[in-house]
There are 2 protein chains.
Amino acid sequence: MLLNPRPDPSPAAHDRVYRGLRTRVMHGEIAPGQALTLRGIGREFGVSMTPAREALRRLVAEGALTLSSSGRVSTPELSDDRIEELAALRALLEVELASRALPRAHIALIDRLTAINAGIADEIARQDAVGYIRRNLEFHRTLYLRAQAPAILAMAETVWLQLGPTMRALYGRLRRQDPPHFHRLIIAALKAGDEPGLRLAVRSDVTQGLRMLTG
Amino acid sequence: MLLNPRPDPSPAAHDRVYRGLRTRVMHGEIAPGQALTLRGIGREFGVSMTPAREALRRLVAEGALTLSSSGRVSTPELSDDRIEELAALRALLEVELASRALPRAHIALIDRLTAINAGIADEIARQDAVGYIRRNLEFHRTLYLRAQAPAILAMAETVWLQLGPTMRALYGRLRRQDPPHFHRLIIAALKAGDEPGLRLAVRSDVTQGLRMLTG
DNA sequence: CCGCGCGATTTGTGATCACACACCCGTCAT
DNA sequence: ATGACGGGTGTGTGATCACAAATCGCGCGG
């Protein structure tokens with residue numbers, strides 16, 4: 001029959017482990033410098049060392065984790081130079097993505113972005129750093145999905161991944177009171193169809209927070 | 001004693017396999033769509049399936065290879081849309097790298113670039129597509145190393161990796177006669193310290209070849 | 001002559017094991 | 001008290017195996 005062409009009823013074990021760890025890293029749930037062991041990860045996810053090793057190596061390949069000379073993996077502690085580079089990459093990639101999304105940004109998208117922005121205000125009110133990061137990335141991803149540029153978006157997500165543990169440290173340090181100002185500028189530029197304004201707003205939003213990390 | 005702190009006398013097996021396959025893919029020595037098997041790779045490098053699997057998965061994570069739904073890995077056949085995206089990424093990243101390298105580009109670097117350019121002419125004369133790609137990437141990498149931006153360079157190399165198999169198809173199709181024109185423009189802009197000219201020359205060089213792939 | 005189905009073979013997945021090395025911590029000599 | 005040395009534990013690496021699924025090829029029926 002072959003109705004219901006469900007691609008794979010049981011997702012591969014290494015993929016479950018990978019996804020679980022990936023979102024944890026990207027949302028900043030793991031502190032910089034924390035060590036991860038193969039047997040520990042395996043025990044936590046109920047698998048043997050083999051899938052755990054594959055998941056960890058994949059994350060290392062994407063820059064989400066670092067591999068010490070002796071093979072130990074841990075979440076990275078970024079130098080100031082590296083943070084500056086990653087911020088520059090975010091600016092380059094995300095400005096391009098926003099620019100490509102602009103002609104496709106209809107009112108429904110703008111409404112969703114506004115709703116997510118309200119959610120960010122909630123997370124700020126409850127002082128939830130992980131929730132804040134998750135919603136913030138959701139805001140950006142929702143916009144960039146409209147760009148119809150999966151390769152560029154994947155590269156941007158890789159940068160988020162590398163910044164994940166550090167971002168947690170940032171948002172934990174800074175005591176925010178108000179929702180991000182530049183998100184409102186982004187929405188306004190989208191409504192007005194103002195491309196230069198959009199580029200500037202995205203660049204500012206991306207650069208803003210990371211500047212105080214390198215201080 | 002611990003003199004000669006050689007970090008690792010015997011590079012790990014999975015790393016040997018990874019490096020071997022990576023340069024092969026980046027230089028376009030593997031045709032698009034070609035399938036790779038774990039046991040085949042293992043036999044070729046004299047290792048078991050375990051390191052071969054790690055190397056392949058790492059390359060998949062970097063986008064150098066694609067993973068079919070059934071777990072088979074093969075070198076990717078890129079769609080026109082994806083090629084356009086990757087070309088745009090090359091333009092974004094490499095213009096930034098060149099711009100950062102410019103203030104650090106002394107005469108010794110320009111001499112080396114000129115020498116590499118001469119080598120490219122040799123490869124063209126002998127109709128060696130793989131050699132041409134290797135030298136061409138060497139030209140760009142030599143310039144970008146001066147940017148002192150390892151994270152951005154790594155991302156650019158990832159893009160090269162994804163384009164590798166396709167580039168081979170490109171340079172095999174086009175019957176080149178003369179060394180790349182835009183390389184001379186890049187060198188001239190470096191000598192003159194002309195940043196806008198350099199940005200334009202790099203963007204043109206990167207975009208030029210890939211335009212005829214999407215035709 | 002072509003299309004279909006079935007079986008043999010190949011392939012990826014994940015578990016387990018042996019081994020070598022790194023790391024940690026207590027002990028001992030200075 | 002402090003330093004180096006030592007062994008025990010933990011950790012990554014790579015080989016091997018059992019299993020399930022996919023793939024390929026052959027032969028049969030149309």
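Naming: A, B, ... by sequence-line order, numbering from 1 per chain.
Atom-to-atom, CZ of A:R72 to C1' of C:dC24 comes out at 10 Å; the value is rounded to the nearest Å. In this structure, B:L38 places its CG atom 17 Å from P of D:dA22, rounding to the nearest Å. Distance B:I41 CD1 to C:dT10 C1': 15 Å, rounded to the nearest Å.
Residues meeting the side chain to side chain donor-acceptor pair (under 3.5 Å) test with B:R104, sequence neighbours left out: none. Qualifying side-chain contact (heavy atoms from CB on, under 4.5 Å) partners for B:D128, counting only residues two or more places apart in sequence or in other chains: B:E123, B:R126, B:V130. In terms of the ring pair (Phe, Tyr, Trp, His ring centres under 6.0 Å) criterion, A:H14 has no residue partners (sequence neighbours excluded). With sequence neighbours left out, B:S99 forms a side chain to side chain donor-acceptor pair (under 3.5 Å) with B:E195, B:R199. Remark: A:E157 pairs with A:R22, A:M26, A:R141, A:L153, A:W160 by the side-chain contact (heavy atoms from CB on, under 4.5 Å) rule, at least two apart or across chains.
Comparing the local axis fitted to the first five base pairs of the helix from C:dC1-D:dG30 to C:dT30-D:dA1 with the one fitted to its last five gives a bend of 10°, rounded to 10°.
Applying the salt bridge (Lys or Arg N to Asp or Glu O under 4.0 Å) test to every pair with at least one member in residues 38-56 of chain A, sequence neighbours left out, gives these pairs: A:R24-A:E44, A:R53-B:E54, A:E54-B:R53, A:E54-B:R57. Sorted by first and then second residue, the side chain to side chain donor-acceptor pair (under 3.5 Å) pairs involving residues 25-38 of chain A (not counting sequence neighbours) form an empty list.
OP1 or OP2 of D:dT23 lies within a sub-4.0 Å distance of a side-chain N or O belonging to B:S70.
The residue A:L36 sits close only to the backbone: its heavy atoms come under 4.0 Å of sugar-phosphate atoms, none of a base.
Side-chain contact check for A:D205 versus A:E94: every heavy-atom pair is 4.5 Å or farther apart.
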Could you list, one pair per line, each protein nitrogen or oxygen that sits under 3.5 Å from a nitrogen or oxygen of nucleotides 14-19 of chain D, together with the distance?
from, atom 1, to, atom 2, distance (Å)
D:dG14, OP1, B:A13, N, 2.5
D:dG14, N7, A:R53, NH2, 2.8
D:dA15, OP2, B:S48, N, 2.8
D:dA15, OP2, B:S48, OG, 2.5
D:dA15, N7, B:T50, OG1, 2.8

